[in-house]
Amino acid sequence: MEHCLATADAEVNASFEILSAGTEVALLDSGVLRVEPNTACDTSLVISCGVHGNETAPIEIIRDIVRDVLEEEQKVGQRVLFILGNPWAMQAAKRFTDVNMNRLFAGDWQNYDTALKEVKRAAKLEAFVANFYASEPVTVTRRYHYDLHTAIRGSQRERFAVYPFVPGRALPKNQQAFLARSDIDTVLLQNEEGNTFSSFSSLKYGAESFTLELGQVKPFGENDLKRYNGIDYALRELIAGEPLPAEPKQPVTQFEVCHSIEVTSDQWEFYVPDDALNFTEYEPGTLIWRDGEREYRVGEQPESIVFPNPKVPVGQRAGLMLRVLS
Ligand SMILES: [Zn+2]
């Protein structure tokens, strides 16, 4: 990682190395490392972190896994593309420098000034992922992508996954098993196509992709990495080539979006407090917002809020109301 940060602005010449076990390691760009076993494998695994530069715990976990791969302490049984998303923001200890990178994928970078570093980077990361999937050996039948994050806002449910919307898709049992093994007991099923990194890989390449929210943002070196043992263990098993279990060891609760909150005018009033935690649950009938004659109240079943942010311009999304998928 030090190498990556030191070279955030420099051109990186692709370099290759063969480890003693025959694993091929290729540094493709600053913070983009491809690792491939010399044995037949069945899965292409993309593991990304640092798309938001100040979300340090996942970066520290991936740094340690990569170190163990290079020192041959970690077995490599599948092909893996490791990505540190935003080296400039990591260096600056900021979420992003010019543009929130996790709104630039699925081609949306084309709507921005391509002179901006993060815009260029999003385009390049899409190309690296595309090439990684395109260069699969014929034995590969599965594509996974886990994009690791931590959140600014606290959550009633410490860890949760966001499953991007792909028409007609349901969350498979073996991915529920991966989440359970990662100590993630909550999944938010998106209801429309998005522009996150995980939306890109699932929409364009049919990968089983997730944005994983693994805890709260802390500066480098201040994370209690023991709280991340679950994801660390689950990723290491996958990289080693262990198959996913068919069934989750504990249940994973799936939430579906029942209402997308939108700021509809300057008179629009929001009844959720500024410091509400993600997944705060509201009882049936609770008033959530009002705009003159129009209002939204929780329906017959309790609903939970995520990503509340009323300080957005009129016409934009101010949060999502969820209910447990029945
Ligand atoms: Zn993030």
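In listed order, ligands and their atoms are each counted from 1.
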- Query: How are the rings of Phe197 and Phe105 set to each other: parallel, tilted or perpendicular (split at 30° and 60°)?
  - Reply: parallel
- Query: Side-chain donor-acceptor pair under 3.5 Å between Glu256 and Asn191, yes or no?
  - Reply: no
- Query: Hey, is the Zn ion (ligand 1) within less than 2.8 Å of some N/O/S atom on Glu213?
  - Reply: no
- When you measure from the Zn ion (ligand 1) to each N, O or S atom of His149, which atom gives the shortest distance? ND1
- Task: Give a yes/no verdict on a cation-pi contact between Arg169 and Tyr163, requiring under 6.0 Å between NZ or CZ and the six-membered ring centre and an angle within 45° of the axis.
- Result: yes
- Query: Closest N/O/S atom of His52 to the Zn ion (ligand 1), by atom name?
  - Reply: ND1
- Cationic tip of Arg290 above Tyr296 ring, under 6.0 Å, 45° of axis: no
